Peer 1: 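Please read through the structure below; I'll follow up with questions.
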Amino acid sequence: MQTAQPIGVIDSGVGGLTVLKWLQAKMPHENFIFIGDTARTPYGNRSREEITRFVADMTAWLNKRNIKQLVVACNTITVLGTDTIRGSYPFDVIGMAKGSRMVPLVTKNNRVGFFATDFTVSTGAHKREIQKLCPQIQVFGQGCPKFVPLIEGERFGSPELKAAIHEYAEKLKAHHVDTVLLSCTHYPFVRKEIEDEFGPSVTVLDPAERTAQDALESLQKRHLALTTGIGRAEVCFTADLERGKRLAARMLDLNKCDFRLIDLKKDPGLPGDISPLKSQAQGILGNQTV
Ligand code: DGL
């Protein structure tokens, strides 16, 4: 493994961009290859078999691009089990943080809720992990199947989105939670609206920063972290490139991104549009090996 190899980041769609934002902030020297599987989003109401097949397509594609680490910027894929991915590839696999280290620092009444896809809630993974560390905390999961299609469809500020936020928040309010985790990476796109709906007595947490920190620490432990140069992100979508770019503009610094429409069944090749900045960064970083 070489430090100059890129880091792969995957999600079912644009949600993973909310994690890529934190990854770029914590690891400004690294190069990232992001895949949002916008052709097949959402994953959250699909079967385990289907999701497993889609993930295999993305990881095989990224493996051909010689990544040194994979960040699973998707809770639905994370709860499916990152061990299966980890076992078959040489790179390190980091899943989304489930909040067990964050919520004990925030909750005062030990009643915590989380918003996630139906698939994620059905596995009970978040509840199990939080209660393993803090058995006194009661955890309430709320599936939010309307959110991903509305966010992917750029329906920000629409009456449908407001109604969906109200509907799901009411369910958690009934449990008197004082902390709510956004356990689907799409939801930080509407974090402000969710916070407004709950009001100041509830703290809304996004586990993306913790996940990015986990990714950085894992690279440092393996002596694979880059410490110089300016990193870039190759942002790939499997459909709707223009929509992907518009949504990325809400999260990322576009000056540090190159966009690409990809076909997961075809050989990844290399991006056509390597900018001078990227060539320069590769020149600086290319010799660092371990
Ligand atoms: N962004 C994803 C997550 O964190 C998946 C959303 C979906 O495709 O349903 O769970």
Side-chain angles (χ1 to χ4, degrees), residues 8-23 34-59 70-82 85 93-100 102 113-129 141-156 161 164-165 168 180-191 194 204-212 214-215 235-240 243-244 247-248 250-252 264:
V9 185
I10 56 169
D11 182 42
S12 67
V14 299
L17 298 170
T18 68
V19 183
L20 182 57
K21 178 185 96 171
W22 281 106
L23 291 166
F34 171 87
I35 303 180
D37 193 6
T38 39
R40 301 185 287 197
T41 196
Y43 282 10
N45 50 7
R46 291 180 186 269
S47 69
R48 180 173 287 269
E49 291 68 33
E50 245 180 334
I51 304 169
T52 306
R53 192 155 42 82
F54 296 167
V55 172
D57 290 342
M58 291 195 277
T59 50
L70 177 73
V71 178
V72 178
C74 174
N75 290 267
T76 306
I77 302 173
T78 298
V79 297
L80 197 64
T82 44
I85 307 173
V93 182
I94 303 293
M96 287 304 296
K98 297 192 186 74
S100 56
M102 300 166 74
F114 68 95
F115 279 161
T117 64
D118 282 336
F119 184 90
T120 298
V121 174
S122 76
T123 65
H126 288 71
K127 189 172 174 158
R128 257 194 319 279
E129 184 163 313
Q142 177 59 47
C144 310
K146 293 178 188 168
F147 281 171
V148 170
L150 287 167
I151 292 165
E152 289 279 343
E154 302 173 272
R155 304 291 306 281
F156 302 107
L161 183 62
I165 291 173
Y168 300 139
V180 173
L181 283 161
L182 301 182
S183 298
C184 168
T185 56
H186 279 74
Y187 304 169
F189 273 103
V190 291
R191 180 183 182 148
I194 292 172
V204 175
L205 298 174
D206 173 5
E209 183 180 3
R210 180 64 252 175
T211 306
D214 289 345
V235 181
C236 308
F237 295 105
T238 54
D240 297 328
R243 184 169 59 82
L247 286 157
R250 290 175 172 262
M251 283 293 148
L252 307 176
L264 292 172

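Worth saying up front: this structure is predicted, and the values here are computed from it rather than measured. We count ligands from 1, going down the list as the structure has it; atoms in each ligand are counted the same way. Basis for what follows: all heavy atoms, side chains included, without hydrogens, waters or symmetry-related copies.
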Peer 1: Could you tell me, atom by atom, which parts of ligand 1 come under 4.0 Å of a heavy atom of D11?
Peer 2: 1 (N), 2 (C)
Peer 1: Please determine if R250 forms a cation-pi arrangement with F156, meaning its NZ or CZ atom is less than 6.0 Å from the six-membered ring centre and no more than 45° off the ring axis.
Peer 2: yes
Peer 1: Counting N and O atoms only, with roles assigned by atom type, does the side chain of T211 sit under 3.5 Å from a partner on the main chain of A97, one being a donor and the other an acceptor?
Peer 2: yes
Peer 1: Tell me the contacting part of T185 for ligand 1: side chain, backbone, both, or neither, using a 4.0 Å heavy-atom threshold, strictly below.
Peer 2: both
Peer 1: Counting non-hydrogen protein atoms only, what is the nearest one to atom 5 (C) of ligand 1? Give residue, atom name and distance.
Peer 2: S12 OG, 3.4 Å
Peer 1: Check whether any side-chain N or O of E152 sits under 3.5 Å from a backbone N or O of V14 as a donor-acceptor pair, and report yes or no.
Peer 2: yes
Peer 1: Judging by distance only, is a nitrogen or oxygen of G44 under 3.5 angstrom from one on ligand 1?
Peer 2: yes
Peer 1: Does any N or O atom in N45 lie less than 3.5 angstrom from one in ligand 1, N or O only?
Peer 2: no
Peer 1: Indicate yes or no: does R40 engage D57 in a salt bridge with an N to O separation below 4.0 Å.
Peer 2: yes
Peer 1: Within the distance-only criterion (no hydrogens, no angle test), does the side chain of T238 pair as donor or acceptor with the backbone N or O of A39 below 3.5 angstrom?
Peer 2: yes
Peer 1: Please work out whether any backbone atom (N, CA, C, O) or any side-chain heavy atom from C-beta onward of T76 is under 4.0 Å from ligand 1, and answer side chain, backbone, both or neither.
Peer 2: both
Peer 1: Under 4.0 Å between a side-chain nitrogen and a carboxylate oxygen: does that hold for R210 and D214?
Peer 2: yes
Peer 1: Parallel under 30°, tilted from 30 to 60°, perpendicular over 60°: which one fits the rings of Y43 and F54?
Peer 2: tilted
Peer 1: Compute the shortest N/O to N/O distance between T117 and ligand 1 and return yes if it is under 3.5 Å, no if not.
Peer 2: no
Peer 1: Evaluate N75 for polar contact with ligand 1, using N/O atom pairs at a separation under 3.5 Å.
Peer 2: yes
Peer 1: Go through ligand 1 atom by atom and flag the ones less than 4.0 Å from a non-hydrogen atom of T41.
Peer 2: 8 (O)
Peer 1: Only heavy atoms of Y43, strictly under 4.0 Å: list the atoms of ligand 1 that pass.
Peer 2: 7 (C), 8 (O), 9 (O)
Peer 1: Among the heavy atoms of C74, does any lie under 4.0 Å from an atom of ligand 1?
Peer 2: yes
Peer 1: Using only atom types and a distance under 3.5 Å, with no angle test, would you say the side chain of R191 pairs donor to acceptor with the backbone of V204?
Peer 2: yes
Peer 1: What part of T78, side chain, backbone, both or neither, has a heavy atom within less than 4.0 angstrom of ligand 1?
Peer 2: neither
